[in-house]
Number of protein chains: 2
Amino acid sequence: MATRVLLVDDHALVRDGLRRSLEVYKIHVAGEAGDGATALRLVAELDPDVVLMDVALPDMDGVAVTKQLVAAHPEVPVVMLTMYGDQATIGEAIAAGAAAYVVKDCTTAEIAAVIDEVAAGETALSPALAETMLRAAHRGGVAILSAREREVLQLIAEGSSTTEVAARLYITPKTTKNHLASIYHKLEATDRTQAVLQGLRKGIIRLR
Amino acid sequence: MATRVLLVDDHALVRDGLRRSLEVYKIHVAGEAGDGATALRLVAELDPDVVLMDVALPDMDGVAVTKQLVAAHPEVPVVMLTMYGDQATIGEAIAAGAAAYVVKDCTTAEIAAVIDEVAAGETALSPALAETMLRAAHRGGVAILSAREREVLQLIAEGSSTTEVAARLYITPKTTKNHLASIYHKLEATDRTQAVLQGLRKGIIRLR
DNA sequence: AGTGATTTGAGTCGTTCGACCTATCGATCT
DNA sequence: AGATCGATAGGTCGAACGACTCAAATCACT
């Protein structure tokens, strides 16, 4: 029997193409959603075998939707689909409970294979895939910031000043500046603007 | 006879889906390219009726490829495809000589229609489409920066300081600061970091 | 037990930034 | 023809920033 999938992607074009491509591999698209709210509704309605979700959604984050989905329907595995294999998103996707993580670079056959595996009950994020992905992300020369440094950079990227970051993290402005200096070193940036842009390029932080 | 198209997109998945979708509308994909160099080679080899090109390419910019393509093969119209209807890219695409500009939001039928129109010789960027797109971009609450202001913001986003921007634009640092002040007003930002991030969100500038 | 990384905090010093104000010149619009 | 807008340029001033150096506590890994 064909695997029944719910497609979640904000681009009608991509959904359309994906549906036709997957059907070649005997995977049936039971429904399509262009946003997170619809996705949540349709999962309840259609009870698909697998949800294939793009991380970039208009109303909410694909990761946020995944979290809610996993909470509400733990029996339905979610396969996350993304343009880039960026560190931050992969980490969050795993934390959110995604069953698999696929980059849009791969072939339709590969995605179909992953969907079937996941549908067959291999709900755990396959270690091989996770390792490959993480290593791929690292290969890209990603300078790894410490947890605290990432927090600081994310807040800076949300428009906070040094003092505001300090207030929100309950540390002194001086410490914040020290973290920033460390970030500049690791990212080879000379100011906060460059640091934020580097962080975005390397996928360390995200645009909100 | 079916229209012969060359697909240019770095994601195999998207190409695959697009090909199957387009075939439903009697549009034949004569070839696929994952990068700009391959695209240029295949146009010469295959002589397609239309090139359907994504703006985001790994080796070079879709806009740059389009420019070279238009220069080398002015008889082959290029349809630009993008995720977002961002102001900056639309402007550049028009300047590069693209025959049409399509957002990935629209349906397969719409794209197929545009391809057929373009193939039929309506090489000029259809004014209606351009207008619609531009208005759509405006509707999104896009604060419109002047050409000069966009240049300044783009350079800032590439890591330049005020003085460096000034040097690259052959103006004084003072004028650069004035442009920046104007940008802050229009984008409701208080510093360069926020301005760059707003610019990215609104699609006024691009991450390079 | 010791080495190293992380987190927190501090001081100094020169540079840069951003806000506010004015002004000229040319183009475009009404 | 007058008005508006954009690009250019100048000035002042206080606040924020970034570079450099130092130090102590904590935790992990060896």
Side-chain angles (χ1 to χ4, degrees), chain A residues 87-88 91 134 138 141-200 202 204-205, chain B residues 87-88 91-92 95 131 134-135 137-138 142-200 202 204-205:
Chain A
Q87 204 186 337
L134 284 171
H138 284 274
V142 176
I144 301 128
L145 300 186
S146 72
R148 202 52 158 175
E149 286 161 354
R150 245 179 289 132
E151 275 186 280
V152 171
L153 190 56
Q154 182 64 55
L155 287 174
I156 291 288
E158 284 167 31
S160 305
S161 67
T162 303
T163 321
E164 285 163 357
V165 172
R168 289 175 67 177
L169 295 182
Y170 304 106
I171 56 179
T172 63
K174 191 65 244 212
T175 303
T176 308
K177 289 183 75 174
N178 289 336
H179 284 315
L180 273 173
S182 171
I183 292 169
Y184 298 156
H185 259 115
K186 294 188 182 176
L187 296 185
E188 292 171 16
T190 60
D191 58 56
R192 56 191 59 216
T193 307
Q194 284 184 42
V196 166
L197 291 168
Q198 274 296 91
L200 286 175
K202 293 186 185 290
I204 297 167
I205 52 169
Chain B
Q87 205 185 337
E92 286 180 39
E131 255 189 286
L134 284 171
R135 215 170 300 150
H138 286 271
V142 178
I144 303 127
L145 301 186
S146 70
R148 202 55 158 172
E149 286 161 353
R150 247 180 287 131
E151 277 186 278
V152 170
L153 191 56
Q154 182 65 53
L155 288 175
I156 291 287
E158 283 167 30
S160 304
S161 67
T162 303
T163 321
E164 285 163 356
V165 171
R168 290 175 66 177
L169 295 183
Y170 304 106
I171 57 179
T172 62
K174 190 63 247 212
T175 302
T176 308
K177 289 182 75 172
N178 288 336
H179 285 313
L180 273 172
S182 171
I183 291 169
Y184 298 156
H185 259 112
K186 293 187 181 176
L187 295 186
E188 293 172 12
T190 60
D191 57 58
R192 55 192 58 217
T193 306
Q194 284 183 42
V196 166
L197 290 168
Q198 274 296 91
L200 286 174
K202 294 188 186 289
I204 297 167
I205 51 169

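Chain letters run A, B, ... following the sequence lines, proteins first, then strands; residues in each count from 1.
In this structure B/Thr176 satisfies the side-chain hydrogen bond (donor to acceptor under 3.5 Å, both in side chains) test with no other residue, sequence neighbours excluded. By the side chain to side chain contact (heavy atoms under 4.5 Å, CB included) test, A/Ser182 is found to be paired with A/Glu149, A/Lys186, residues two or more places apart in sequence or in another chain being considered. Residues forming a side-chain hydrogen bond (donor to acceptor under 3.5 Å, both in side chains) with B/Thr175 (at least two apart in sequence, or on another chain): B/Thr172. A/Glu158 is linked by a side chain to side chain contact (heavy atoms under 4.5 Å, CB included) to A/Gln154, A/Leu155, A/Arg168, A/Arg208, counting only residues two or more places apart in sequence or in another chain. Scored by the side-chain hydrogen bond (donor to acceptor under 3.5 Å, both in side chains) test, A/Thr163 finds no partners at all (sequence neighbours excluded). Remark: A/Ser161 engages no residue in a side-chain hydrogen bond (donor to acceptor under 3.5 Å, both in side chains) (not counting sequence neighbours). Take B/Glu151 and apply the salt bridge (charged side-chain N to carboxylate O under 4.0 Å, His left out) test, not counting sequence neighbours, and it matches B/Arg148.
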Going 5' to 3' along nucleotides 25-30 of chain C, which nucleotides have protein heavy atoms under 4.0 Å from the base (write B), which only from the sugar-phosphate (write S), and which from neither (write -)? ------
Please list, for nucleotides 16-20 of chain D, all pairs of protein and nucleotide N/O atoms separated by less than 3.5 Å.
from	atom 1	to	atom 2	distance (Å)
D/dC17	OP1	A/Arg192	NH1	3.3
D/dC17	OP2	A/Thr162	OG1	2.9
D/dG18	OP1	A/Tyr184	OH	3.3
D/dG18	OP1	A/Arg192	N	3.0
D/dG18	OP2	A/Tyr184	OH	2.9
D/dG18	OP2	A/Arg192	NE	3.3
D/dG18	OP2	A/Arg192	NH2	3.0
D/dG18	O3'	A/Thr190	O	3.2
D/dG18	N7	A/Lys177	NZ	3.1
D/dG18	O6	A/Lys177	NZ	3.4

Check nucleotides 25-30 of chain D against the protein and report each pair of N or O atoms closer than 3.5 Å, with its distance, or say if there are none.
none

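Rounded to 10 degrees, the angle between the two end axes of the helix from C/dA1-D/dT30 to C/dT30-D/dA1 is 60°, with five pairs used at each end.
Taking the side chain as every heavy atom from C-beta outward, A/Leu200 and B/Leu197 approach each other to under 4.5 Å. Using a 4.5 Å heavy-atom threshold, the side chains of A/Ile156 and A/Ile183 count as separate.
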